[in-house]
There are 2 protein chains.
Amino acid sequence: MTTERAAAEPLAKTLRDAITRLGRRVRQARPVGDLTFSQLSALTSLQLAGALTPRELADVERVQPPTMTKIVGKLEDRGLVARTPHPTDGRQVILAATEQGKAVYAQYEQARNEWLAQALDRLSPEERETLASAADILQRVARG
Amino acid sequence: MTTERAAAEPLAKTLRDAITRLGRRVRQARPVGDLTFSQLSALTSLQLAGALTPRELADVERVQPPTMTKIVGKLEDRGLVARTPHPTDGRQVILAATEQGKAVYAQYEQARNEWLAQALDRLSPEERETLASAADILQRVARG
DNA sequence: CCATGCTCATTAGCTAGGCTAAGTATCGTG
DNA sequence: CACGATACTTAGCCTAGCTAATGAGCATGG
């Protein structure tokens with residue numbers, strides 16, 4: 001265990017640095033529209049999950065419920081998210097992306113990939129292969 | 001070109017997703033202290049560069065100068081950053097981390113690595129090898 | 001069957017971080 | 001030396017995040 005930990009520490013530092021930098025670059029590639037990162041992230045989670053309550057969405061996004069209330073409010077104002085009452089529990093609300101919300105999501109999704117895809121273009125096939133393997137591992141790490 | 005681009009697109013999506021999720025997890029691993037992410041990031045950049053002017057620091061952090069004025073102000077209030085006049089240019093200011101700032105930086109640095117290092121511990125040596133190669137590639141991509 | 005306590009969502013009020021526009025001081029050059 | 005450019009700050013605005021408090025609905029025990 002100790003030996004493995006010794007191997008993991010410098011890797012953690014390098015990896016975190018790379019992730020931080022890349023994350024900034026990708027986040028800065030904001031398209032013409034005016035959705036903020038938080039709004040887009042919430043919309044994405046809703047889109048992927050299909051439908052969620054505010055509490056569930058707050059948990060997924062790792063923010064407190066009042067924060068999610070604000071963000072969802074903005075998305076509602078733009079007509080990107082709609083709320084329907086919960087069928088059995090009068091306290092809860094069901095949030096889902098509207099058709100327009102799905103369209104906007106798709107636009108942003110492509111714009112966000114643009115910069116990164118271009119950068120990856122310039123790598124060798126072998127390097128891309130390495131990154132593909134690494135991406136799988138990283139996703140498992142992020143979930144676990 | 002077209003064929004390479006076809007290869008890069010899905011990889012960009014997967015990679016971005018992994019980076020986004022991991023970035024959140026790492027960022028949430030905030031220690032007991034009360035420095036915000038932006039403050040810590042600025043302190044880190046100063047620490048790594050040795051000393052910078054506000055403009056340079058703003059460029060590195062990819063924010064506008066007025067934003068950096070605020071952040072540096074907070075760090076100054078805590079005694080983590082000190083400013084000295086520029087030797088030849090009266091308009092400019094030199095920012096640098098104080099001894100206390102360096103100590104605080106080191107604490108946070110370790111705390112931030114903690115979660116990731118533990119997660120990496122659970123991987124196989126081969127997987128860590130893949131991640132190490134990937135980290136190098138990603139750093140080049142982020143710079144370039 | 002209803003009183004009491006829990007959960008969900010929101011509101012209120014605060015701080016931090018981001019922006020643009022405008023102001024001030026200094027530099028550098030014609 | 002006057003005038004444009006540059007460096008930094010100030011002012012004012014918005015979003016995002018938090019905690020505390022409020023209100024509405026559910027669920028359960030007497």
Side-chain angles (χ1 to χ4, degrees), chain A residues 20 23-25 27-46 51-78 80-96 108, chain B residues 20 23-25 27-46 51-78 80-96 108:
Chain A
T20 303
R24 278 189 199 170
R25 294 293 294 259
R27 217 167 304 133
Q28 277 152 8
R30 284 253 295 273
V32 286
D34 44 5
L35 279 193
T36 66
F37 183 71
S38 295
Q39 290 168 11
L40 184 53
S41 182
L43 181 59
T44 300
S45 291
L46 268 186
L52 293 171
T53 68
R55 160 65 81 180
E56 289 169 337
L57 184 53
D59 286 346
V60 169
E61 294 290 304
R62 304 226 180 207
V63 298
Q64 295 302 310
T67 301
M68 193 45 70
T69 296
K70 284 190 192 177
I71 295 173
V72 168
K74 301 267 166 54
L75 292 174
E76 269 189 283
D77 292 345
R78 295 167 187 272
L80 306 180
V81 163
R83 64 176 62 212
T84 56
H86 191 286
T88 64
D89 189 336
R91 296 167 300 181
Q92 296 188 48
V93 179
I94 307 292
L95 302 173
Y108 274 80
Chain B
T20 303
R24 278 189 198 169
R25 294 293 292 259
R27 218 167 303 134
Q28 277 152 8
R30 284 252 294 272
V32 286
D34 44 5
L35 279 193
T36 66
F37 182 70
S38 294
Q39 290 169 11
L40 184 53
S41 182
L43 181 58
T44 300
S45 292
L46 269 186
L52 293 171
T53 68
R55 160 64 80 181
E56 289 168 337
L57 184 52
D59 286 346
V60 169
E61 294 290 303
R62 304 227 179 208
V63 299
Q64 295 302 308
T67 301
M68 194 45 70
T69 296
K70 284 190 191 178
I71 295 172
V72 168
K74 301 266 164 54
L75 292 173
E76 270 189 282
D77 291 346
R78 294 167 187 272
L80 306 180
V81 163
R83 64 175 63 210
T84 57
H86 191 285
T88 63
D89 190 336
R91 297 167 300 180
Q92 295 188 49
V93 178
I94 308 291
L95 302 172
Y108 275 81

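When reading the values below, keep in mind they use all heavy atoms of this one structure, side chains included, and skip hydrogens, waters and symmetry mates. Proteins come first, then strands; the chains are lettered A, B, ... in the order of their sequence lines, and each starts at number 1.
- Residue R62(B) holds its CZ atom at 13.5 Å from CG of L57(B), rounded to the nearest 0.5 Å.
- When the options V63(A), I71(A), T67(A) are evaluated for a side-chain contact (heavy atoms from CB on, under 4.5 Å) with S38(A), the one that passes is I71(A).
- The interatomic distance linking E76(A) (CD) with dA9(C) (P) rounds to 13 Å, in whole Å.
- Distance L95(A) CG to dT10(C) P: 8 Å, rounded to the nearest Å.
- Using a 4.0 Å heavy-atom cutoff across all strands shown, T88(B) reaches sugar-phosphate atoms only and no base atom.
- What separates NE2 of H86(B) from C1' of dC27(C) is a distance of 12 Å, to the nearest Å.
- Between the P atom of dT26(C) and the CZ atom of R55(B) lies a distance of 19 Å, rounded to the nearest Å.
- Partners of Q92(B) according to the side-chain contact (heavy atoms from CB on, under 4.5 Å) rule, which considers only residues two or more places apart in sequence or in another chain, are T53(B), H86(B), D89(B).
- The CZ atom of R78(A) sits 12 Å away from the C1' atom of dC14(D) (whole-angstrom rounding).
- At a threshold of 4.0 angstrom between heavy atoms, the contacts of P54(B) are confined to the sugar-phosphate backbone, with no base atom among them.
- Of the side-chain N and O atoms in Q39(A), one or more sit less than 4.0 angstrom from OP1 or OP2 of dA16(D).
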Test side-chain contact (heavy atoms from CB on, under 4.5 Å) on V60(A) and L46(A) and set out the steps. CA-CA 10 Å; V60(A) 169; L46(A) 268 186; over 6 Å; no
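- DNA chain D is contacted by both D89(A) and T53(B); T53(B) maps to the nucleotide lying nearer its 5′ end (nearest heavy atom per residue).
- A salt bridge is absent between K74(A) and D34(A): the closest approach of a Lys/Arg side-chain nitrogen to an acidic carboxylate oxygen does not fall below 4.0 angstrom.
- Atoms CG and CD, on L95(B) and E76(B) in that order, are 7.0 Å from each other to the nearest 0.5 Å.
- Rounded to whole Å, atom C1' of dA9(C) lies 10 Å from atom CD of Q92(A).
- Whole-Å rounding puts the D77(A) CG to dC14(D) P distance at 14 Å.
- Interatomic distance, NZ of K70(B) versus CG of L75(B), reported as 14.0 Å (0.5 Å rounding).
- Near DNA chain C, meaning a heavy atom under 4.0 Å away, the residues from residues 66-74 of chain B are P66(B), T67(B), K70(B), I71(B), K74(B).
- Here the P atom of nucleotide dC8(D) and the CG atom of L57(B) are 10 Å apart, to the nearest Å.
- Close to dT9(D), at under 4.0 Å from its OP1 or OP2, lies a side-chain N or O of R83(B).
- Regarding contacts with the backbone of dC18(D), every side-chain N or O of R62(A) stays at 4.0 angstrom or more from both OP1 and OP2.
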